[in-house]
Trainee: 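Structure incoming, see below.
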Amino acid sequence: MNQLALVTGASRGIGRGIVLELAKIGFDVVINYSSNETAANQTVELCLKTAKENGKQIIAEKFQADISVSQQRHSLVQFIKNRFGKIDLLVNNAGVAPLKRADILEANEESFDRLININAKGPYFLTQLISNWMIELVSDNRQINPKIVFITSVSAYAVSLNRGDYCISKAALSMAAKLFAARLAQFGIPVYEVRPGIIDTDMTKPVKERYNQLINSGLTPIKQWGTPEHIGKAVAAIALGFFPFSTGDVINVDGGFHLRIL
Ligand code: NAP
């Protein structure tokens, strides 16, 4: 029986990159998305194709659920319980940027609430729900190695004055990873934070030119954009169990952005 991964926000961008790498190594995948069903269908097809090309036979299912809404989080988990009866890997990836970047002296509460709800509160309570189920599965001896991954951002520590709401939501998510790592260690459930830098997706399209200039002028020691595949490979390494004595660790996938250079 294949291992099963739920990846939130997997219809496009980084989430799609993650499910494709998981399909390559033979994981069944649940592709959660918010509204873009066409993209979710494409991701399902790409996963099946990628798995086949790599000699694997997998199940790929899409499931629409807004992770900021409690009842929809419950429906998502219920769907996985009914369809698969177990879960081996949760990847909290879904997230949004502010609809409009605004200086912190002017930004409004509506944008703050939206980002906190989707980027921090949603994954926090989804993880609570799935952690309790994983604990049950572990104690029933029905599986041995469940794992949880949080996709945060360099914005968990880097200041962007025109999107304070995003930075705060990612700093909160980074703390959620540490909290669950500490709480779940006794059950043998490791928790990892994967921290992307500047990645080429729909999210960064509006700032493409500005980031091109910053990268060319040396913002990141590795002078190139990151790709969804870069993040997917880090998650696949975790999924394969290559960090068995680590929990709560941050894995930077940022071209060296985090280095302070004198
Ligand atoms: P993206 O291309 O905009 O894709 C966002 C994904 O999240 C889509 O699949 C979208 O579904 C889904 N989503 C949005 N709101 C959701 C909700 N309420 N419930 C469920 N799914 C939802 O973004 P991305 O660049 O891949 O970013 C993915 C994650 O990486 C985010 O958490 C982001 O903060 C983080 N990140 C990105 C970068 C970067 O440079 N791109 C850097 C650091 C961290 P639909 O297709 O249905 O809209």
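Just so you know, ligand 1 is whichever comes first in the structure, and atom 1 is the first atom listed for that ligand.
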Trainee: For ligand 1 and S34, I'd like to know whether there is a polar contact (N/O to N/O, distance under 3.5 Å).
Mentor: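 Yes.
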Trainee: Check each atom of ligand 1 against the heavy atoms of Y166 and keep those under 4.0 Å away; list them by number with element.
Mentor: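 Answer, ordered by atom number: 33 (C), 34 (O), 35 (C), 36 (N), 44 (C).
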Trainee: Heavy atoms, side chains only, cut-off 4.5 Å: are I58 and F27 in contact?
Mentor: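 I58 does not reach F27 side chain to side chain.
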Trainee: May I ask you to check if ligand 1 and I14 share an N or O to N or O distance below 3.5 Å?
Mentor: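 I14 vs ligand 1: N/O contact under 3.5 Å present.
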Trainee: Taking the six-membered ring for Trp, are F257 and Y157 parallel (under 30°), tilted (30 to 60°) or perpendicular (over 60°)?
Mentor: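 The arrangement is tilted - the two ring planes meet at 30° to 60°.
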Trainee: A side-chain contact here means heavy atoms from C-beta on lying under 4.5 Å apart; do E193 and S174 qualify?
Mentor: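 E193 reaches S174 side chain to side chain.
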Trainee: When rounded to the nearest 0.5 angstrom, what is the spacing between CG in D66 and CD in Q72?
Mentor: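 With rounding to 0.5 Å, CG (D66) is 5.0 Å from CD (Q72).
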Trainee: Between I87 and M134, is any pair of side-chain heavy atoms under 4.5 Å apart?
Mentor: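 Yes, their side chains come closer than 4.5 Å.
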Trainee: List ligand 1 atoms under 4.0 Å from D202, heavy atoms only on the residue side.
Mentor: 2 (O)
Trainee: With heavy atoms only and a cut-off of under 4.0 Å, state how K170 meets ligand 1: side chain, backbone, both or neither.
Mentor: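 The answer is the side chain of K170.
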Trainee: Where's the contact between P228 and ligand 1, heavy-atom distance under 4.0 Å: side chain, backbone, both or neither?
Mentor: neither
Trainee: Among I67, V7, V19, find the one that has a side-chain contact (heavy atoms from CB on, under 4.5 Å) with N32.
Mentor: I67
Trainee: Counting each atom of ligand 1 from 1 as listed, which ones have a heavy atom of N32 under 4.0 Å away?
Mentor: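 Counting atoms of ligand 1 from 1, those under 4.0 Å from N32 are 20 (C), 21 (N).
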Trainee: If I apply the N/O under 3.5 Å rule, does S68 come out as touching ligand 1?
Mentor: no
Trainee: Which ligand 1 atoms does T204 reach within 4.0 Å, using its non-hydrogen atoms?
Mentor: 39 (C), 40 (O), 41 (N)
Trainee: Quick one: closest heavy-atom pair of D202 and R12, and the distance?
Mentor: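 Minimum heavy-atom separation between D202 and R12: OD2-NH1, 2.7 Å.
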Trainee: Please indicate whether any nitrogen or oxygen in I67 is less than 3.5 Å from any nitrogen or oxygen in ligand 1.
Mentor: yes
Trainee: Measuring only between side-chain heavy atoms, which start at C-beta, is P146 closer than 4.5 Å to F187?
Mentor: no
Trainee: Give the residue, atom name and distance (to 0.1 Å) of the protein heavy atom nearest atom 5 (C) of ligand 1.
Mentor: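 Answer, as residue, atom name and distance: G95 O, 3.9 Å.
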Trainee: Can you tell if the side chain of V207 reaches within under 4.5 Å of the side chain of R101, non-hydrogen atoms only?
Mentor: yes
Trainee: Starting from atom 40 (O) of ligand 1, find the nearest protein heavy-atom neighbour and note its residue, name and distance.
Mentor: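 Result for atom 40 (O) of ligand 1: I199 N, 2.9 Å.
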Trainee: Flag the pair I238 / V194 as yes when at least one side-chain heavy-atom distance between them is below 4.5 Å, and no otherwise.
Mentor: yes
Trainee: Just need the protein heavy atom nearest to atom 14 (C) of ligand 1, so name the residue and atom and give the distance.
Mentor: V96 CG1, 3.7 Å
Trainee: In terms of residue, atom name and distance, what is the protein heavy atom nearest to atom 27 (O) of ligand 1?
Mentor: M203 CE, 3.9 Å
Trainee: Check each atom of ligand 1 against the heavy atoms of A65 and keep those under 4.0 Å away; list them by number with element.
Mentor: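 So the answer, numbered in order with elements, is 19 (N), 20 (C).
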Trainee: Please identify which atoms of ligand 1 are closer than 4.0 Å to at least one heavy atom of G13.
Mentor: 2 (O), 26 (O)
Trainee: Nearest protein heavy atom to atom 24 (P) of ligand 1, by residue and atom, and its distance?
Mentor: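 Heavy-atom neighbour on the protein nearest atom 24 (P) of ligand 1: T201 OG1, 3.6 Å.
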Trainee: Verify the distance criterion only: is there a donor paired with an acceptor across the side chains of S111 and D165 at less than 3.5 Å?
Mentor: yes
Trainee: Considering only heavy atoms, does D66 approach ligand 1 within less than 4.0 Å through its side chain, its backbone, both, or neither?
Mentor: both
Trainee: Could you identify the single nearest non-hydrogen protein atom to atom 48 (O) of ligand 1 and state the distance to 0.1 Å?
Mentor: R12 NH2, 2.8 Å
Trainee: Answer yes or no: does an N/O atom from G9 fall short of 3.5 Å to an N/O atom of ligand 1?
Mentor: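 G9 vs ligand 1: N/O contact under 3.5 Å present.
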Trainee: Taking the minimum heavy-atom distance to atom 9 (O) of ligand 1, which of A97, S11, G197 ranks first?
Mentor: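 Result: the heavy atom closest to atom 9 (O) of ligand 1 is in S11.
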Trainee: Of all the atoms in ligand 1, which lie at a distance below 4.0 Å from a heavy atom belonging to N36?
Mentor: 45 (P), 46 (O), 47 (O)
Trainee: If you measure from OG1 on T201 to NZ on K208, what distance do you get to the nearest 0.5 Å?
Mentor: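 NZ of K208 is found 9.0 Å from OG1 of T201.
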Trainee: If you measure from atom 35 (C) of ligand 1 to every heavy atom of N117, I31, T152, which option wins on shortest distance?
Mentor: T152
Trainee: Is it the side chain, the backbone, both or neither of A94 that has a heavy atom closer than 4.0 Å to ligand 1?
Mentor: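 Both parts.
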Trainee: Could you check whether N41 and K62, counting side-chain N and O atoms only, form a donor-acceptor pair closer than 3.5 Å?
Mentor: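 Side chains of K62 and N41: pair found under 3.5 Å.
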Trainee: Out of the candidates I148, N145, L6, L22, only one should pair with L89 under the side-chain contact (heavy atoms from CB on, under 4.5 Å) rule; please name it.
Mentor: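 For L89, the side-chain contact (heavy atoms from CB on, under 4.5 Å) test succeeds with only one of I148, N145, L6, L22, which is L22.
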Trainee: Could you check which of N93, L173, T43, N119 puts a non-hydrogen atom nearest to atom 29 (C) of ligand 1?
Mentor: N93
Trainee: Under a 4.0 Å N-O cut-off, is there an ion pair linking K49 with E53?
Mentor: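 Salt bridge between K49 and E53, a charged N being under 4.0 Å from a carboxylate O: yes.
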Trainee: Flag the pair R195 / F150 as yes when at least one side-chain heavy-atom distance between them is below 4.5 Å, and no otherwise.
Mentor: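 Heavy-atom side-chain distance check fails, nothing below 4.5 Å.
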Trainee: Is it the side chain (CB and beyond), the backbone, both or neither of A10 that lies under 4.0 Å from ligand 1, heavy atoms counted?
Mentor: backbone
Trainee: Return yes or no for this condition: an N or O of S35 is under 3.5 Å from an N or O of ligand 1.
Mentor: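 By distance alone, the answer is yes.
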